[in-house]
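Whatever order the structure lists them in is the order used to number ligands and atoms, beginning at 1.
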Amino acid sequence: MLLEIEDLHVYYFTKRGVVRAVEGVSFELDRAEILGIVGESGSGKSTLGLAIMNLVPSPGKIVRGSIRLDGKDLTKMSEKELRDIRGKEIAMVFQDPMTSLDPLMRIGDQIVETILAHEDVSKEEAKRRALELLEEVGISRDRFNDYPHQLSGGMRQRVMIAMAISLNPKLIIADEPTTALDVIVQDQIMELFSKLRDEFGVAVILISHDLALELEVSDKIGVMYAGWLMELSKSEELAKKPLNPYARELLKAIPNVELEEQELVSIPGSPPDLHDPPKGCRFHPRCPDAMPICFKEEPPTKSIDGRLVKCWLYGG
Ligand code: ATP
Ligand code: SF4
């Protein structure tokens with residue numbers, strides 16, 4: 001197994017109190033697998049992604065749990081060991097490439113610098129690889145000397161992906177990588193992630209609020225709500241028969257192009273303030289299936305036919 005996360009707890013210690021942003025999250029990810037992490041705003045998706053890189057910003061802290069990459073626990077590593085892992089073994093792609101790219105530097109040179117910073121190769125070799133990488137992500141070699149502002153948003157995101165794969169990482173964490181892009185470009189970037197999985201065996205954690213997009217490309221999907229992993233299932237199983245009521249309600253909110261008169265239902269209410277989440281199940285104020293025990297006690301996480309579900313409907 002490439003990545004094993006066990007009982008992960010990440011809290012932010014703010015002046016207003018403790019924000020329990022990720023609580024009791026466990027899952028595994030294999031090589032060449034795409035895991036979608038989905039949930040509404042504030043559900044802890046980005047915090048989970050940052051925690052895997054051990055990059056949770058202050059006042060955040062990993063307070064409990066383990067994150068093992070190829071058996072090595074990242075939560076127990078020194079800053080030096082972590083620096084070696086970041087970029088080389090795990091790379092991250094964010095929503096806005098403009099914040100990560102240097103506007104004054106040609107895109108090709110930025111890829112070359114990334115390679116030279118981590119690997120003992122000549123400048124010529126790094127340039128040869130940068131040109132190959134550009135081609136790999138669907139940008140023609142003659143754009144090597146372009147500055148970021150000369151590229152479209154989709155192309156800039158491709159450059160970020162080229163930089164992410166330049167050191168042959170085992171895992172890419174992509175946080176809302178296509179949110180700012182139009183639908184066609186979104187699909188093209190998703191195809192690029194599939195290609196990286198299929199041709200290079202890279203594993204991808206794809207963080208998004210867009211479940212429809214996740215279903216297109218992910219092998220499995222983790223549904224987060226208020227810091228909890230509510231369900232983890234293979235994408236086709238989730239689409240066919242979600243187990244957790246929150247996952248079901250999220251699916252109901254996806255426009256189904258095959259149904260002419262589908263009534264789109266968004267989930268009434270909003271996610272809780274994680275300084276003071278509801279007692280019992282954090283979803284109970286919005287859950288159509290809530291039972292008396294849901295108001296009082298946290299539901300356990302059960303494993304059912306290889307799927308994970310956190311909900312009292314599946315017994316105590
Ligand atoms: P979004 O889609 O809006 O980015 P998310 O699902 O990625 O949301 P997170 O950004 O991980 O969720 O936030 C989870 C919780 O942690 C939220 O309650 C948020 O307010 C809180 N949080 C995130 N970053 C910080 C921070 N730096 N300091 C304090 N609280 C934070
Ligand atoms: Fe709904 Fe109860 Fe399940 Fe929570 S535990 S999702 S409130 S049925």
Among [options], whose heavy atom sits nearest [atom]?
| atom | options | result |
| --- | --- | --- |
| atom 13 (O) of ligand 1 | Thr47, Val56, Val19 | Thr47 |
| atom 14 (C) of ligand 1 | Gly39, Gly49, Pro277, Gly42 | Gly42 |
| atom 4 (O) of ligand 1 | Ala51, Ala226, Pro271, Ser46 | Ser46 |

Look at [atom] and say which protein heavy atom is nearest, naming residue and atom and giving the distance to 0.1 Å.
| atom | result |
| --- | --- |
| atom 15 (C) of ligand 1 | Ala21 CB, 3.8 Å |
| atom 3 (O) of ligand 1 | Ser41 OG, 2.5 Å |
| atom 31 (C) of ligand 1 | Tyr12 CD1, 3.5 Å |

**Item:** Minimum side-chain heavy-atom gap Gln95-Gln157 below 4.5 Å
**Value:**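 Side chain of Gln95 against side chain of Gln157, heavy atoms only: no contact under 4.5 Å found.
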Is the shortest heavy-atom distance from the side chain of Arg282 to the side chain of Trp228 under 4.5 Å?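 Yes; the side chains approach each other to less than 4.5 Å.
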Cluster overlap Ile34 with Ile161, hydrophobic side-chain contacts below 4.5 Å: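 Yes, it is one cluster - the side chains of Ile34 and Ile161 are joined through contacts under 4.5 Å.
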Look at ligand 1 and say whether His275 reaches it with a heavy atom at a distance under 4.0 Å.
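No, His275 has no heavy atoms under 4.0 Å from ligand 1.
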Quick one: does atom 20 (O) of ligand 1 have a protein heavy atom under 4.0 Å from it?
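Neighbour list for atom 20 (O) of ligand 1 is empty of protein heavy atoms (cut-off 4.0 Å).
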* Taking atom 1 (Fe) of ligand 2 as the center, what protein N, O or S atoms are found at less than 2.8 Å? ->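 The answer, once waters are left aside, is Cys287 SG.
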**Prompt:** N/O of Glu176 under 3.5 Å from N/O of ligand 1, yes or no?
**Reply:**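 Looking only at distances, the answer is no, because the N/O contact criterion of under 3.5 Å is not met.
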By number and element, which atoms of ligand 1 are closer than 4.0 Å to a non-hydrogen atom of Glu40?
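In order of numbering, the contacting atoms are 6 (O).
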